[in-house]
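Following: one structure in structure tokens, then a few remarks.
If you're wondering where the values come from, they're calculated on a predicted model, not measured in any experiment.
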Amino acid sequence: MGFIGGLSDRNSDVGQAGHNGVVLAVEQINRAGGIRGRQVELISRDDAQNRETAEKSARELAAAGVDAVIGPFTSSVAAAVVPVLAQSGTLLISPTLTSMAFHGKDDNLVRINRTTRDNAGDYARVLHERGQRRIAVAYDVRNRTFTESWLEEFRQAFTAIGGTLAAEVSYESSPDVDFGAVVASMLKGRPDGLFYIAGAIDVARLAQHSRRLAPSLPIGASEWAASEQLIELGGKVVEGLVIVQNYDRDDEAARFREFREAYFRRFQKNPGYSSVSAYDAALVLFSALEKRTEGETVKAAVLHHGPYQGLQQRISFDATGDTQRKVFFTEIRDGRFVALK
């Protein structure tokens, strides 16, 4: 099986954590005897958050003859690699993609996550209930397939319930971005809340300047930034930030507790949202390959042999490989993601 994700560059936290989840799943199934008595070999490639690198990595995975690929983790990369792997009929199972650009399409991609429409709509409701009526948004166009889809869905949902987008500020993520200027542009619209559609590194920087320029305004971020790195980098400036998680961090059920403990033993860190989703993607693939009948494609096996039991949720795909997933809104308090009541 193949893996493709961002293992280098600015937003590599999501890809690296996802890779860890897949590595753990492969090691566990191989210790248990593999699939139909055969060991699973994992071939991993870095997409470096770069279109050319991603396409090259996808071609290498196709040439290696992998049965399926887990990944990618960002929508901009998916736009590059899905067509490349379609040429060899190779199925991709993405743990984290949400963009509406991939919804409802009968192609070689299935997704473990819900859509930007689902997430942005819930964010609009939650932020409105928390008293925010004029929200300024900053979004990273380096991953525009995701961020522009998310922004469009949020705009529609928020204005439908009486909210206003006070500012929409685009920027392209790089080490040289003047995040102070980005936040200053957000504040020109006189918002009562600030929101960031970006990865964890950028959200930490945006929060830093927001606390300096507008310390009283509430802040929030899209699910892309919901990794452990956000708290590690953000420290006190991300305290109070509202963000959604696609799994229950406080789950003490035996199944999840065993996973969390095994993950920590293997990698000396706690799992993040992409670790959980990638592990779930591996469980789906292993189960489908175990049940696959003679002559059945991997995609057909994945779609037909569910539903699958993930770490916390049952995973069912429709005819085009889309699914639903329960999410959990959190607020960062005392250096932890704490569930909103």
Side-chain angles (χ1 to χ4, degrees), residues 1-8 12 14-48 53-74 77-78 80-82 84-97 108-112 258-259 262-263 265-269 271 274-306 308-311 315 317 321:
M1 59 181 279
F3 172 93
I4 189 166
L7 303 178
S8 60
S12 61
V14 174
Q16 289 172 349
H19 187 252
N20 289 346
V22 174
V23 167
L24 180 62
V26 169
E27 291 175 349
Q28 288 177 339
I29 197 168
N30 282 340
R31 285 197 297 269
I35 298 174
R36 297 183 179 180
R38 300 176 63 188
Q39 294 286 284
V40 175
E41 178 186 0
L42 179 63
I43 302 175
S44 301
R45 291 292 183 271
D46 181 15
D47 61 43
T53 302
E55 290 176 346
K56 178 177 180 290
S57 294
R59 288 193 293 270
E60 290 174 356
L61 290 173
V66 296
D67 290 291
V69 173
I70 293 181
F73 290 75
T74 60
V77 169
V81 304
V82 169
V84 172
L85 288 169
Q87 296 174 16
S88 58
T90 305
L91 179 70
L92 294 108
I93 305 179
S94 175
T96 56
L97 290 188
N108 59 314
L109 172 71
V110 301
R111 300 178 306 105
I112 299 294
E258 290 167 3
F259 161 77
Y263 188 99
R265 286 195 302 270
R266 179 65 173 82
F267 303 108
Q268 290 74 58
K269 59 182 67 176
S274 60
S275 312
V276 172
S277 297
Y279 189 89
D280 276 355
L283 294 181
V284 166
L285 180 57
F286 297 159
S287 179
L289 291 175
E290 185 71 43
K291 298 174 182 177
R292 182 184 179 193
T293 59
E294 186 175 354
E296 191 175 38
T297 66
V298 177
K299 177 183 177 180
V302 168
L303 296 185
H304 295 162
H305 295 295
Y308 304 92
Q309 181 58 55
L311 283 169
I315 301 166
F317 299 105

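Looking at heavy atoms from C-beta onward, T293 lies out of side-chain contact with H304 at the 4.5 angstrom threshold. Within the 4.5 Å cutoff, side-chain heavy atoms of P72 are placed close to those of L92. Looking only at side-chain heavy atoms (C-beta outward), R45 and D47 stay at 4.5 Å or farther from each other. At least one side-chain heavy atom of L85 sits under 4.5 Å from a side-chain heavy atom of N108. Here the side chains of P271 and N20 are not in contact, with every heavy-atom distance at 4.5 Å or above. For the pair V302 and K299, the minimum side-chain heavy-atom distance is 4.5 Å or more. Annotation: side chain of Q16 is in contact with side chain of L7 (closest heavy-atom distance under 4.5 Å). In this structure the side chain of I112 reaches within 4.5 angstrom of the side chain of F317, judged on heavy atoms.
Under a 3.5 Å cut-off, the side chain of R111 and the backbone N or O of L97 do form a donor-acceptor pair. In this structure, S44 contributes its side chain and F3 its backbone to no donor-acceptor pair below 3.5 Å. Looking at D280, its side chain never comes within 3.5 Å of a backbone N or O of G310 through a donor-acceptor pair. Put simply, the side chain of T297 gets close to the backbone of A300: a donor and an acceptor are under 3.5 Å apart.
Nearest heavy-atom pair across S94 and L109 is CB-CD1, 4.0 Å. Contact between V84 and R59 at its shortest, heavy atoms only, is CG1-CG, 3.6 Å. In plain terms, the two heavy atoms of T53 and A48 that are nearest each other are CG2-CB, 3.8 Å. Closest non-hydrogen pair, A262 versus Q28, comes out as CB-NE2, 3.9 Å. Contact between A288 and Y308 at its shortest, heavy atoms only, is CB-OH, 3.7 Å. Residues V22 and A278 approach most closely at CG2-CB, 3.8 Å, considering heavy atoms.
The side chain to side chain contact (heavy atoms under 4.5 Å, CB included) test with H19 is passed by exactly one of L42, I4, L24, D46: L42. Just one residue in the list I29, L285, D67 forms a side chain to side chain contact (heavy atoms under 4.5 Å, CB included) with V40, and that residue is I29.
Counting heavy-atom neighbours within 6.0 Å of R36 CZ, excluding the residue itself, gives a total above 12. Counted within 6.0 Å of CD on Q39, heavy atoms from surrounding residues, nucleotides or ligands total more than 12; the atom is thus considered enclosed.
For the atom pair OG of S275 and OH of Y263, the computed distance is 3.0 Å after rounding to the nearest 0.5 Å. Rounded to the nearest 0.5 Å, atoms CZ (F286) and NZ (K291) are 14.5 Å apart.
Below 30°, between 30° and 60°, or above 60°: for Y279 and F259 the angle between ring planes is between 30° and 60°, a tilted geometry.
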Chi angles and distances behind the side chain to side chain contact (heavy atoms under 4.5 Å, CB included) call for L289, M1
CA-CA 11 Å; L289 291 175; M1 59 181 279; over 6 Å; no
